Every structure is written in structure tokens, then in C-alpha cells.
> 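One structure, pasted below without further comment.
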2 protein chains.
Amino acid sequence: MPSHIQREFILHFGEMGSRWGINRTVGQIYALLFLSERPLCADDICAALGFSRSNVSMGLKELQGWGLVRRRDLEGDRRDHFATLDDQWQIVRTLIAERKKREIDPTLTKLRELEMQAPEGAETYALGRIGQLREMIETLTGFYEEMNRMETERLVALLKMGSTLRKFAATTGRVVSLGKGSKSKEETS
Amino acid sequence: MPSHIQREFILHFGEMGSRWGINRTVGQIYALLFLSERPLCADDICAALGFSRSNVSMGLKELQGWGLVRRRDLEGDRRDHFATLDDQWQIVRTLIAERKKREIDPTLTKLRELEMQAPEGAETYALGRIGQLREMIETLTGFYEEMNRMETERLVALLKMGSTLRKFAATTGRVVSLGKGSKSKEETS
DNA sequence: TGTTTATTTCAGAAATTTCTGAAATAAGAG
DNA sequence: CTCTTATTTCAGAAATTTCTGAAATAAACA
């Protein structure tokens with residue numbers, strides 16, 4: 001039985017869950033595990049949240065699919081227990097990696113496909129637009145991969161640099177973009 | 001009546017829409033407008049996609065709410081016409097800003113609230129966990145705001161830097177992280 | 001091995017979201 | 001002001017997603 005703060009937190013995650021493409025149940029289960037000092041078994045979760053056993057089972061499966069929850073064997077108890085990752089930065093990495101996989105990669109594949117199968121010289125406007133989109137997504141995912149390669153400690157340092165990074169881009173950016181010969185002359189509205 | 005490529009693109013966006021928290025209709029309307037060389041009116045959209053007039057009206061309203069679609073008055077036609085933003089980077093900025101507003105900010109507010117109203121000295125574990133989460137979200141949104149302040153041209157240059165950025169973080173990062181005294185000793189599994 | 005306990009699956013019930021057509025509202029044109 | 005055309009709203013229909021309980025499966029123990 002969760003405390004007041006826990007309850008609030010869990011309910012909030014339930015509501016937000018729907019904005020995040022996971023459902024209420026799954027959000028609440030995650031929130032409960034996130035705040036729990038020790039791993040919980042499915043029955044604990046049923047008791048705490050009042051969901052059916054099968055619903056909890058499904059929810060845990062989905063969370064494991066996301067890589068956000070892990071099974072932990074607890075000594076002296078036959079039942080499976082579950083816990084969230086400890087390191088919050090690892091959570092973010094997992095979350096972003098999964099969302100990329102589900103929300104970005106399929107689109108990138110599709111755009112490349114469409115460009116390949118395009119008929120000769122026709123549809124210039126649409127193909128141009130698709131090409132722009134693809135290039136941008138490639139740039140973004142490239143950046144992501146670069147960041148993802150970094151150790152957490154350095155990554156966090158970078159994230160906390162504040163205006164330093166902007167200044168760095170202001171000086172170095174110019175050179176690099178010249179070097180690469182990016183045609184960044186388009187603009188609008 | 002869209003071409004084969006257009007149709008494929010539109011259908012893909014419809015399907016992906018659901019993973020993006022917008023629905024099929026809205027995704028398809030956006031895709032259609034995105035590929036269209038000139039602004040379209042609601043009836044054009046109905047005709048092209050076969051949705052009811054009211055559905056299109058709702059969809060356009062939602063897209064305008066997201067800031068992804070703009071009304072354009074077309075001379076000699078009384079009807080409202082609609083178009084997507086031209087600059088794909090502006091689209092990404094808009095998208096991220098909106099998602100932050102809808103998916104991150106409410107949670108940040110909630111977490112701060114919970115920390116404020118916490119009873120004296122109790123609930124140390126849960127509060128610690130909530131604090132970690134809040135700090136991390138603050139770091140991330142701070143970084144986002146920093147990036148968002150940059151002009152597109154520089155931002156793109158930065159995004160395309162590849163390993164240069166990682167090297168920069170490797171040299172400068174150390175100093176910053178020492179200065180801040182971040183206790184990054186937790187890790188797992 | 002058989003018995004007990006834990007977990008998963010799955011068909012349909014319940015809840016939610018999306019979509020439509022009809023009615024209401026707004027906005028030009030004469 | 002009236003007529004016409006464009007747009008929005010909204011109650012309920014249709015479709016989709018979520019959730020449950022019962023049955024099936026698996027896994028531990030003796």
C-alpha cells in the first residue's frame with residue numbers, strides 16, 4: 001500500500017503514460033517499481049495497484065520489452081521479482097534507443113525505399129521533400145549515435161555545459177560546415 | 001488523387017501517427033500537405049483521403065494546435081487553405097517544443113510539487129528517487145534550451161560534427177564535471 | 001513421478017478513442 | 001438584411017485498445 005507521495009507519483013505516471021505511447025497500467029507499474037526500494041513480485045503489484053493478475057503480467061512483459069524493467073531472483077522466494085534500472089541515465093538511454101527504434105527507424109527505412117523505387121525524373125517536388133526529410137533524420141540520428149557512444153559521466157558534463165557549447169559551435173561550427181561542403185542555403189517563412 | 005509514392009508516404013505516416021501520439025487521420029493529413037506543392041483546402045483533403053469533412057476539420061485544428069500547419073489565404077478563393085512549414089528544421093523544432101510541453105513539463109512540475117509537499121525526513125528513498133529524476137530532467141531540458149537558442153545553420157553544423165564533439169567533451173568535460181562535483185558512482189547489472 | 005504453485009495466454013467484456021452526419025455557427029456577396 | 005457558401009461543433013456510431021477471468025502451460029518440489 002503506497003504512501004500519499006507514492007500514490008500521487010503513480011497516478012501521474014499512469015496519466016502521462018498515454019502521452020508516451022504506453023498505457024495507464026504500464027505507466028503505473030513502472031512508477032511503483034521505480035519508487036520501490038526492493039524488487040516486487042507480480043502479486044505485490046496486483047495488491048498495490050488493484051489490477052488483475054493477467055494485466056500485470058502483460059504490463060511487466062511490455063516493460064521488459066522496453067528494457068526498462070528487469071527480473072531479479074530473490075532468495076527464498078520462488079516467484080519472479082521485478083525492478084527498474086537503478087541509474088536514471090541508463091533509463092533515458094534505454095528510452096531514447098527504444099523510441100528511435102520504434103518511431104524513427106521504420107520511417108527512415110520507408111523514405112529510403114520510396115526514393116529508390118522512384119520513377120525517372122518524375123515527382124520532383126515530392127521526392128525533394130522526402131529527400132530533405134531523410135537527410136534531416138540522418139543528421140539527427142547520427143548526432144544521437146555520437147552522443148550515445150559517450151560514457152555517462154562525460155555525456156552529463158556535456159549536457160551541463162550551458163552556453164559553452166553554443167560558443168564552441170559558433171567558432172568551430174563554421175570550419176566544419178565549410179569542410180563538409182554542406183549546402184545550407186535553404187531557409188523559409 | 002495522390003501518386004503511388006505519395007500514397008505510400010501518406011499511409012506510412014498514418015500508421016506511424018499512432019506511435020507518435022497523433023492519430024491516423026491527422027498523420028495522413030499532415031503527410032498529404034507535406035508533399036503538396038501548393039496549399040490545400042479542407043475539401044481537397046477530403047477528396048484525396050476519403051475522410052469526412054468534420055474529421056478533416058478536427059484534424060486540421062489539431063495540426064494547427066501543434067503549430068505544424070498554417071492557414072494560407074489563397075487569392076480568388078474564399079475557402080481556407082493549409083500548408084505545412086517549409087523548413088524541415090523548423091518542423092523538428094516545433095515538434096520537440098510541443099512534445100516537451102506536453103510530455104515533459106507537466107511531469108517536471110509534478111515532481112517539484114511532490115518534493116515540496118514532502119513530510120519532514122520521511123520517505124527518504126522515494127524522495128531521493130524523485131529528486132534524481134527531477135535533476136536529470138532539468139539537465140536535459142537545460143541542454144535542449146541551449147540548443148534551441150542556436151540559429152539553425154549553427155545547430156546543424158554542430159549536429160554534423162561527428163566525433164569532434166565527443167573529443168571536445170573529453171577534454172573540456174572533465175573540468176566541468178569536477179567543478180560541479182557530480183557523484184556519478186552508481187551503476188548496475 | 002504426481003502435486004502444488006507461479007506464470008502466460010487468450011477470447012470476449014469494458015473502456016476509450018476515433019470518426020461521421022446532421023445541425024449550428026460564422027462569414028462573404030449582393 | 002438575406003442568401004449562399006464555408007466551417008465548426010457535437011452526440012452517438014464504429015473501431016480500437018485495454019483489461020479481465022478462466023483455462024493452459026510451465027516450473028519447483030517431494
Side-chain angles (χ1 to χ4, degrees), chain A residues 10-11 13-33 38-66 68-83 102-103, chain B residues 10-11 13-33 38-66 68-83 102-103:
Chain A
I10 290 167
L11 289 178
F13 264 56
E15 281 177 38
M16 293 307 284
S18 46
R19 301 196 187 181
W20 267 84
I22 63 173
N23 67 34
R24 202 170 48 91
T25 312
V26 174
Q28 291 196 13
I29 293 174
Y30 183 79
L32 177 68
L33 290 174
R38 53 179 191 74
L40 301 179
C41 71
D43 291 319
D44 295 336
I45 297 171
C46 292
L49 303 179
F51 299 140
S52 74
R53 190 50 235 282
S54 52
N55 199 1
V56 168
S57 179
M58 301 281 224
L60 286 169
K61 213 174 155 197
E62 186 172 344
L63 285 168
Q64 286 171 284
W66 277 83
L68 288 172
V69 159
R70 293 265 169 80
R71 281 164 75 154
R72 296 276 176 112
D73 282 339
L74 220 60
E75 54 179 341
D77 195 330
R78 205 163 113 194
R79 296 170 297 181
D80 287 344
H81 288 249
F82 300 88
R102 293 160 199 236
E103 303 182 358
Chain B
I10 289 168
L11 288 178
F13 264 56
E15 280 176 40
M16 293 306 285
S18 46
R19 302 197 186 179
W20 266 86
I22 63 172
N23 65 34
R24 201 171 47 90
T25 312
V26 175
Q28 291 197 12
I29 294 174
Y30 183 78
L32 176 67
L33 290 174
R38 52 180 192 75
L40 301 179
C41 72
D43 291 320
D44 295 337
I45 298 171
C46 293
L49 303 179
F51 300 139
S52 74
R53 190 50 236 281
S54 51
N55 198 2
V56 169
S57 179
M58 301 280 225
L60 286 170
K61 215 175 154 196
E62 186 172 344
L63 285 168
Q64 285 172 285
W66 277 85
L68 288 173
V69 159
R70 295 262 170 82
R71 280 164 76 156
R72 296 274 175 115
D73 282 340
L74 218 61
E75 54 178 342
D77 195 330
R78 205 163 116 196
R79 295 170 299 181
D80 288 343
H81 288 248
F82 301 88
R102 292 161 198 236
E103 303 182 359

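Chain identifiers are assigned alphabetically (A, B, ...) following the order of the sequence lines, protein sequences preceding nucleic acid strands; residue numbering begins at 1 within each chain. All of these numbers come straight from a predicted model, not from anything done at the bench.
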> Of all heavy-atom pairs between B/V26 and B/G59, which one has the smallest distance, and what is that distance?
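Result for this residue pair: CG2-CA, 3.9 Å.
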> Output the single nucleotide from D/dT8, C/dT20, C/dT9 whose closest atom is nearest the side chain of A/S57.
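Nucleotide nearest to A/S57's side chain: C/dT9.
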> Starting at CG of A/L40 and ending at C1' of C/dT7, how long is that distance when rounded to a whole Å?
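My rounded result for the distance is 17 Å.
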> Give the rounded distance in Å between these two atoms: CZ of B/R53 and P of D/dT8.
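Atom CZ in B/R53 sits about 7 Å away from atom P in D/dT8.
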> Could you give the CE-to-C1' distance, from A/M58 to D/dG21, as a whole number of Å?
12 Å
> For B/L63 and D/dT8, what is the distance between atoms CG and P respectively, to the nearest whole Å?
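Whole-Å distance recorded here is 13 Å.
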> State, with a plain yes or no, whether a side-chain heavy atom of B/Y30 is found less than 4.5 Å away from one of B/I22.
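No - every pair of side-chain heavy atoms lies 4.5 Å or more apart.
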> Whole Å only: how far is the CG atom of B/N55 from the P atom of D/dT8?
13 Å
> Once hydrogens and angles are ignored, does a donor-acceptor distance under 3.5 Å link the base of D/dG21 to the side chain of A/S54?
yes
> Would you find more than 12 non-hydrogen atoms of other residues, nucleotides or ligands less than 6.0 Å from B/D77 atom CG?
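Atom CG in B/D77 is crowded, with more than 12 foreign heavy atoms closer than 6.0 Å.
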> Given atom CG of B/D80 and atom P of C/dA26, what is their separation to the nearest angstrom?
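The distance from CG of B/D80 to P of C/dA26 comes to 15 Å, rounded to the nearest Å.
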> Pull out every residue in residues 44-51 of chain A that has a heavy atom closer than 4.0 Å to any atom of DNA chain C, ordered by number, or say none.
none
> Measuring from A/R24:CZ to A/I10:CD1, what's the distance to the nearest 0.5 Å?
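So the CZ of A/R24 and the CD1 of A/I10 are separated by 12.5 Å.
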> Are any of the side-chain heavy atoms of A/D44 and A/R38 separated by less than 4.5 Å?
yes
> Any chance you could measure B/R71, atom CZ, to B/F82, atom CZ, to the nearest 0.5 Å?
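It is 5.5 Å, given to the nearest 0.5 Å.
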> Return the value, rounded to whole Å, for the distance between atom CD of A/E62 and atom P of D/dC19.
10 Å
> Between B/R102 (side chain only) and A/R19 (backbone N and O only), is there a donor and an acceptor less than 3.5 Å apart?
no
> Which heavy atom of A/H81 sits nearest to which heavy atom of A/P39, and what is that distance?
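A/H81 and A/P39 have their closest heavy atoms at ND1-O, 3.6 Å.
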> Does a side-chain heavy-atom distance below 4.5 Å link A/I45 with A/L60?
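Side-chain contact under 4.5 Å: yes.
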> So, is A/R79 near the phosphate of C/dT5, with a side-chain N or O under 4.0 Å from OP1 or OP2?
no
> Identify all pairs in which a protein N or O lies below 3.5 Å from an N or O of nucleotides 27-30 of chain C, and state each distance.
none

> Would you please confirm or rule out a distance under 4.0 Å between OP1 or OP2 of D/dT7 and any side-chain N or O of B/K61?
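Result: no.
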> When we call it a touch if two heavy atoms are under 4.0 Å apart, what does B/D43 touch: a base, just sugar-phosphate, or nothing?
nothing
> On a heavy-atom basis, which atom in A/R72 and which in A/A83 lie closest, and how many Å separate them?
CG-CB, 4.2 Å
> Which ones in residues 15-32 of chain B lie close to DNA chain C, meaning a heavy atom under 4.0 Å from one of its atoms?
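Under 4.0 Å from DNA chain C: B/N23, B/R24, B/T25.
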> Could you grab the distance from atom CD of B/Q28 to atom CG of B/L11, nearest 0.5 Å is fine?
5.5 Å
> What pair of heavy atoms forms the shortest contact from A/C46 to A/V56, and how long is it?
SG-CG2, 3.8 Å
